[in-house]
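Shown next, in structure tokens, is the structure this report addresses.
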Protein chains: 2
Amino acid sequence: MRSKGLTSVQLAKLAGVSSATISRAFTADSLIKPETRARILALADEHGYRPNAMARSLNMSQSRLVALVVNTVANPAEGEGLDQLVHRLQARERMPLLLCCANHEDRNQLMRIASAYRVDHVVLYSDAVSIDDAADIFRSATLIVASSEPLQGRAVSDVRLDASAATRQVVDRLVDMGRRHFVYLSGRSSSHIDKQRMSWFSDALEAQGLAFDVVEHGDYSYESGYKEAVLLLRRARPDVIVCANDLMAIGVKDAASLLNIRVPEDLAIVGHDGVALANWEAHSITTIMPLEGMVSTALAEIIDRDPTEPPMQRVVDCVVRWGRSTPELPR
Amino acid sequence: MRSKGLTSVQLAKLAGVSSATISRAFTADSLIKPETRARILALADEHGYRPNAMARSLNMSQSRLVALVVNTVANPAEGEGLDQLVHRLQARERMPLLLCCANHEDRNQLMRIASAYRVDHVVLYSDAVSIDDAADIFRSATLIVASSEPLQGRAVSDVRLDASAATRQVVDRLVDMGRRHFVYLSGRSSSHIDKQRMSWFSDALEAQGLAFDVVEHGDYSYESGYKEAVLLLRRARPDVIVCANDLMAIGVKDAASLLNIRVPEDLAIVGHDGVALANWEAHSITTIMPLEGMVSTALAEIIDRDPTEPPMQRVVDCVVRWGRSTPELPR
DNA sequence: GGGTAAAATGTAAGCGTGTACATTTGTGTC
DNA sequence: GACACAAATGTACACGCTTACATTTTACCC
């Protein structure tokens, strides 16, 4: 086995140069003779040398670490979004530090631990933590909010969704086809994105002169969609159930099938997020989702910006991915 | 806004002590008067001070970082397993660095970047990277393999599954109920866990004096399960399809439903992994899975060990989670 | 109270880099 | 060949912390 953890000084000895030259060989556009650099890089490669990122971060005060604050990666919606973002970061030689908040009693403590690593950026993907707490804890990092919490004048970059047009498109089509009894199944009514989705839905219906009922007790899980739908469908007969996310929408669809309610003939179902499995043959849920890859692109762009520039707000438009959980347009 | 990034020396001035005392206040069981520590911790809290993990890591040569090498977090099987592991790490004040290999052309380059952060441990959750490459790149870290690749005498800790008993249990029941025509749908035949699953299956069938067919073209995705099942079921009528993972099993079930093949009456379907959605009402796939939480527990235990101890091998037994994709036992 | 040992704190030297500054080497000109 | 000037390299310190060692304070006992 080769030597463990060569340092720049040791490599310098081997190369017959000073450690400063080693450093220069690894720094782009620095003053060094091309042949020297080539020789050093070859030697480094041979010995498996890499500049110690800890030491480098320490005196450059920039770590190239990005803290990703999510609820859980077990959830397809978060997992799929996260995956794209991670790929974009990796392509830029940045490293994601993962913080999973769900099931963790003290989220602030978690953030405090991560902040000790002096991350350059923090992406708040989870609405389970407060922006103010995060800003307070990650003092010197650039905070980027992706959880749709209102900024209220805070000097923070954010990426938010706009599903108003897509929602109107769905509602209009359903109304056109004669649907009148709409229900919204909430995921967590305290969640900001949930509030927004409901409000877009509410606006779209209002424009059609219609009202709707709300079922509050969902929790974003398949099981809750299923359970709430069974309860609801036993006492009422809505035309349309719009769910705060796709997982609940799938639960609703299964509940309908249990109760012999035909989808989409008797009941149309709409989800949110556009997770891969909503598109599976057995589910085929019509869903309102951000344009493919747009969120992670926007986040990556913000991360690439000069940190001294003022924060930036980006809006990503949503589209409809039609499935068989809503009726087809007549030809 | 408060000062950005206080250092230990600055805090020392504020507290009227030396920086060494600050350090001791943050180090468990070190020689310091309890009142002094309390006073310093209170002051630190007030000013939002935390020891810089970079500096600390640099001279302790231990970072409390753990590199998690996975294919993708978009996949439920990896996402769910990862989530548990992340929680266990966080509970121990360790930070996960996430490396997603899928879609990344040069995995070794990715690992090299991560290795610059001097992670203490590397968990290989992905079989897309070579153990030898990982060991070579993460020279001074403790490598832990969770991808079922054979160790071949390498001095590496690993956690592997044993599904032999569970597989036998499934096969025996199906044979008892008269099933004779078994097919195995592979995910990626080069994958080690896939080979193992097929071999357990093969052994269980052999014990019953039966043979089976193999469909090689799966790729672990729902779509491939669906597609391969359609092709297969159009030309043959197996009793049982055992899939390399749950996603393909769900695809197979949907394909069966498309072709009006009744599950489980005409066709029994078995998956692997035990992902949450396999248990959903609409799917209800019988699956062979590790005992809940055992893998992440084993990994966390290995991570907690003294790094000077020799590597350790752990085997996690699998169980059967029965669903409605296999016939019920007659009463 | 003086002496001793234990407890608490201070001092200073690293940990492995990057970089400002000093120094050496190379190039071209008269 | 001496000179000026640019290119390339070396020197030394800082980044923020831990820790071995030195020093001071406290506690205790005769």
Side-chain angles (χ1 to χ4, degrees), chain A residues 3-41 43-44 47-65 93 113 115-120 139-141, chain B residues 3-41 43-44 47-65 113 115-120 139-140:
Chain A
S3 66
K4 299 200 160 203
L6 216 48
T7 76
S8 75
V9 181
Q10 297 174 36
L11 190 70
K13 283 221 177 76
L14 290 175
V17 297
S18 80
S19 75
T21 304
I22 302 292
S23 172
R24 284 189 267 258
F26 281 92
T27 313
D29 44 73
S30 59
L31 214 58
I32 186 177
K33 195 181 342 186
E35 301 96 81
T36 313
R37 163 174 282 150
R39 191 163 55 85
I40 290 179
L41 290 183
L43 201 66
H47 292 265
Y49 170 81
R50 280 227 121 204
N52 184 322
M54 298 282 166
R56 166 177 275 190
S57 307
L58 185 55
N59 74 2
M60 299 218 303
S61 39
Q62 151 0 10
S63 61
R64 300 198 71 77
L65 291 176
E93 301 224 351
I113 297 171
S115 81
Y117 290 90
R118 299 300 190 261
V119 297
D120 295 339
R139 209 67 64 80
S140 51
Chain B
S3 67
K4 298 200 162 204
L6 216 49
T7 75
S8 77
V9 181
Q10 298 172 35
L11 190 70
K13 282 216 177 79
L14 291 175
V17 297
S18 80
S19 75
T21 304
I22 301 292
S23 172
R24 284 189 266 258
F26 281 92
T27 314
D29 45 73
S30 60
L31 215 58
I32 187 176
K33 198 191 322 197
E35 302 96 80
T36 314
R37 162 175 283 149
R39 190 164 55 85
I40 290 178
L41 291 183
L43 201 66
H47 291 265
Y49 169 82
R50 280 229 122 204
N52 184 321
M54 296 284 168
R56 167 176 273 189
S57 307
L58 186 55
N59 70 8
M60 299 217 302
S61 39
Q62 72 121 311
S63 61
R64 301 198 71 78
L65 290 176
I113 296 171
S115 82
Y117 290 89
R118 300 298 189 262
V119 297
D120 296 339
R139 208 68 62 80
S140 52

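Chain letters run A, B, ... following the sequence lines, proteins first, then strands; residues in each count from 1.
We find that CZ of B:R56 is positioned 16 Å from C1' of D:dC15, with the value rounded to whole Å. In this structure, CG of B:L58 is placed 4 Å from C1' of C:dC15, rounded to the nearest angstrom. Spacing between atom CZ of A:R24 and atom C1' of D:dA8 amounts to 8 Å, rounded to whole angstrom units. Between the P atom of D:dG16 and the CE atom of A:M60 lies a distance of 14 Å, rounded to the nearest Å. When the P atom of D:dT18 is taken as reference, atom CE of B:M54 falls 14 Å away, rounded to whole Å. In this structure, the CD1 atom of B:I22 is 9 Å from the P atom of C:dG10, given to the nearest Å. Here C:dA8 presents its P atom at 14 Å from CZ of B:R39, a figure rounded to the nearest Å. B:H47 has its NE2 atom 17 Å from the P atom of D:dG16, to the nearest Å.
In this structure, A:Y49 reaches the sugar-phosphate backbone alone: every heavy-atom distance under 4.0 Å involves primed, P, OP1 or OP2 atoms, never a base. Residue B:T7 is classed as a sugar-phosphate contact, given heavy-atom separations below 4.0 Å to backbone atoms only. Nucleic acid contact for A:T36: sugar-phosphate only, since backbone atoms but no base atoms lie under 4.0 Å from a heavy atom of the residue. Looking at heavy-atom distances under 4.0 Å, B:L31 makes contact with a base. Residue contacts shown for A:S23 include a base, since a base heavy atom lies under 4.0 Å away.
Where B:R118 and B:V17 each meet DNA chain C at their nearest nucleotide, the meeting point lying more 5' is that of B:V17.
When all heavy atoms of A:I40 and A:I22 are compared, the pair lying nearest together is CG2-CD1, 3.8 Å. Between A:Y117 and B:R64, the shortest heavy-atom contact is OH-CB, 3.5 Å. Closest approach of A:T7 to A:Y49, counting heavy atoms only: C-CE1, 3.6 Å. Nearest heavy-atom pair across B:I113 and A:E93 is CD1-CD, 3.8 Å.
Closest approach to the A:N59 side chain among D:dA8, D:dC15, D:dT11 is made by D:dC15 (side chain taken as heavy atoms from C-beta onward).
Under 4.0 angstrom from either OP1 or OP2 of D:dC17 there lies at least one side-chain N or O belonging to B:S8. For the pair A:Y117 and D:dC17, the criterion of a side-chain N or O lying under 4.0 Å from OP1 or OP2 is not met. At the phosphate of D:dG10, OP1 or OP2 sits under 4.0 Å from a side-chain N or O atom of A:T21.
Side-chain N/O atoms of B:R50 and base N/O atoms of D:dG16 include no donor-acceptor pair closer than 3.5 Å. Side-chain atoms of B:N52 and base atoms of D:dC17 include no donor and acceptor less than 3.5 Å apart.
Remark: the backbone N or O of B:R118 is paired with a side-chain donor or acceptor of B:S63 at under 3.5 angstrom.
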